[in-house]
Amino acid sequence: MAQRRVTVQSEVGLHARPAALFVEAAAKAGGEVTVAKGEGTPVSAKSILAVMGLDVRKGDEIVISAEGDDADALLDRLVEIAEAG
Amino acid sequence: MPQRFKGAGVSPGAGYGPAKRLVRDVPRPDPDARHGGDAAAEAERAAAAMEETARALGELGERAGGDAAEVLNAQALMARDPALAEDVRKRVGEGASAARAVSEAMAVYREMLAGAGEYLAARVADLDDVRDRIVARLMGAPMPGVPDSDVPFVLVAEDLAPADTAALDPRRVVAFVTREGGPTSHTAILARSLGLPAVVACPGADTVAEGTMLLVDGATGEVAADPEPGVVETVTAAAQARAAAAAGAGGPGRTADGHEVPLLANIGGPKDLPAALEHGAEGVGLYRTEFLFLDRADAPGHAEQVAAYRAVLEAFPGGRVVVRTLDAGADKPLEFLPPGGRDEPNPALGERGLRMMRRLPETLDAQLAALAEAERDTDAHLQVMAPMVTDAADAEWFAAAAAKAGVQHAGVMIEVPAAALRARHIAEHVDFFSIGTNDLTQYTCAADRETGGLGRFQDPWQPAVLDLVAASAASAADAGRTCGVCGEAAADPLLACVLTGLGVTSLSMGPSALPLVRAALARAELAQCRAAAEAARAARGPEEARTAAAERLPGLAELGL
């Protein structure tokens, strides 16, 4: 299980377009992908409703976890989306 | 029988046609609905309907493009959300029909979003729309959305969702009327981008019978059902004249005889700059800074504030930018401020604006310091004003705080009648005034801005309000200070001329109102503005004031005002 911590930089947080990009990228992965706000309970990163429900704002820290062979490449992509301004 | 409705005009122009209602009535699944026993087949049916809905939303998004595409794409992701699908499958497994399972599963998420802040609450409408589309598909009901019609029509709705408007053929619609919504609703944004007239927040208009002829004036917000003969021609001609005049007006604000009245924009953040520049704003007359502070757990840092202020200053080289310091209070609570006044029984009369900042000087000092730094290395002329200033002691305190932080031009908003009446004492301490006519009207007439049914007292044409504007402007002139107006009043072209006649030196408004106000000023001489102002002040009520002013400004008649 690979894991990353990242501070969300997008003005709209993990909502709107960044949320859609995030979920679309996660949905391509074969294995389980989760995201949590800070130390909160992780939810499926493939679910837009769950991701929106976290209500992640700009400046919040999120923890992204993924399983499988392509986990690192996927996490790189997700971190990139979360860090985009 | 003619019937009239009044809402907020959010996209100018006149439209006339039969009312057609948006199809919104998707049948609700019976709360006890169960499937026939084959759970696997029913789950398959649910999954297919969700996928079909997602695909259709995606297609609508592709067709719509722009911001609508973004929303529709997010809605497509909701329809194919794996967590939602899992929940639906589970409910079907327990016996629920597909439609009921979808409805119930989405209700869980709906509750979560509705309870979590303003932004997410707005997404609830998007989610409801997705649910209605899936349920309609499962129950064989007509898809919600814009009606088909061979004849151009006035689209009437409670409110419009992005999916409704994306499927819209603009050649078939002559105007929009919605019961809900505000100037930033989807309806307003779409109407302006299509150049179609629209009136929002218009109660009653959605109750007219299908096919009733509606006349919509997107500038005044007036909607007439079955108007009398001749009215349609009058309103349409006036709208065309206004559009032509606004399109033809350019350059700095000035009266027909050359008296300059700078026309400035009210903005709520750098995001509003394109609209301000597009409509020819000469600067910013009211930069509301609350957006930096709302919906967050801590105060914005120095660098973040400097960047937000500098972005606006850089947009107006050589121009004026008037920034209002944080206007928080019981009606606009901030998470990181102590909850002192939150339980105030009457927040409008409580610890708001500068009153709040006097209790939290470090927040104000940090903002002033960021403003002073933002002005460095830009060519704009920065002015900083405090909201809700009541007396000379308030003004003196704020001016001292501004000077200490290195802000060179400090001013005050005149919103409290006490401040207007004793403006001569306030002028001793500050460089400029800006009259906030919305609050000044609320406090002068003791009528809450949000309360329905008090329309007559929420009207800046009340002669008592005009008296206070005149008193403030006169005190400013005596002391060699400027006195602007930033409020809805400045956006009313007729009233803008009256304010000029009262001695107001600049007018600041929502950017879309600028062209018509510029055109109105260009059709009035200063002496006419003064005569109109005097006549309006001599009136006994707002309607009489309007009529009296219009009679003395004959040049505005060609604008249909």
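Protein chains get the first letters and strands the later ones, always in sequence-line order, with residue 1 at the start of each.
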Do you know which of B:Asp87, B:Val108, B:Asp81, B:Val130 makes side chain to side chain contact (heavy atoms under 4.5 Å, CB included) with A:Leu49?
B:Asp81
Student check: side-chain heavy atoms of B:Arg80 and A:Ile48 closer than 4.5 Å
no
Measure B:Leu77 against the heavy atoms of chain A and call it side chain, backbone, both or neither at under 4.5 Å.
both
Is B:Met78 in contact with chain A via its backbone, its side chain, both, or neither, using a 4.5 Å heavy-atom distance?
both
Once you round to the nearest 0.5 Å, how far does [atom1] of [X] lie from [atom2] of [Y]?
| X | Y | atom1 | atom2 | result |
| --- | --- | --- | --- | --- |
| A:Ser44 | B:Glu86 | OG | CD | 10.5 Å |
| B:Arg123 | A:Met52 | CZ | CE | 6.5 Å |
| A:Glu11 | B:Lys271 | CD | NZ | 11.5 Å |

With a sphere of 6.0 Å drawn around CD of B:Glu111, does it hold more than 12 non-hydrogen atoms of other residues, nucleotides or ligands?
no
Determine whether more than 12 heavy atoms belonging to other residues, nucleotides or ligands lie under 6.0 Å from atom CG of A:Asp69.
no
Smallest heavy-atom separation, B:Pro82 atom then A:Lys46 atom, equals CD-O, 3.2 Å
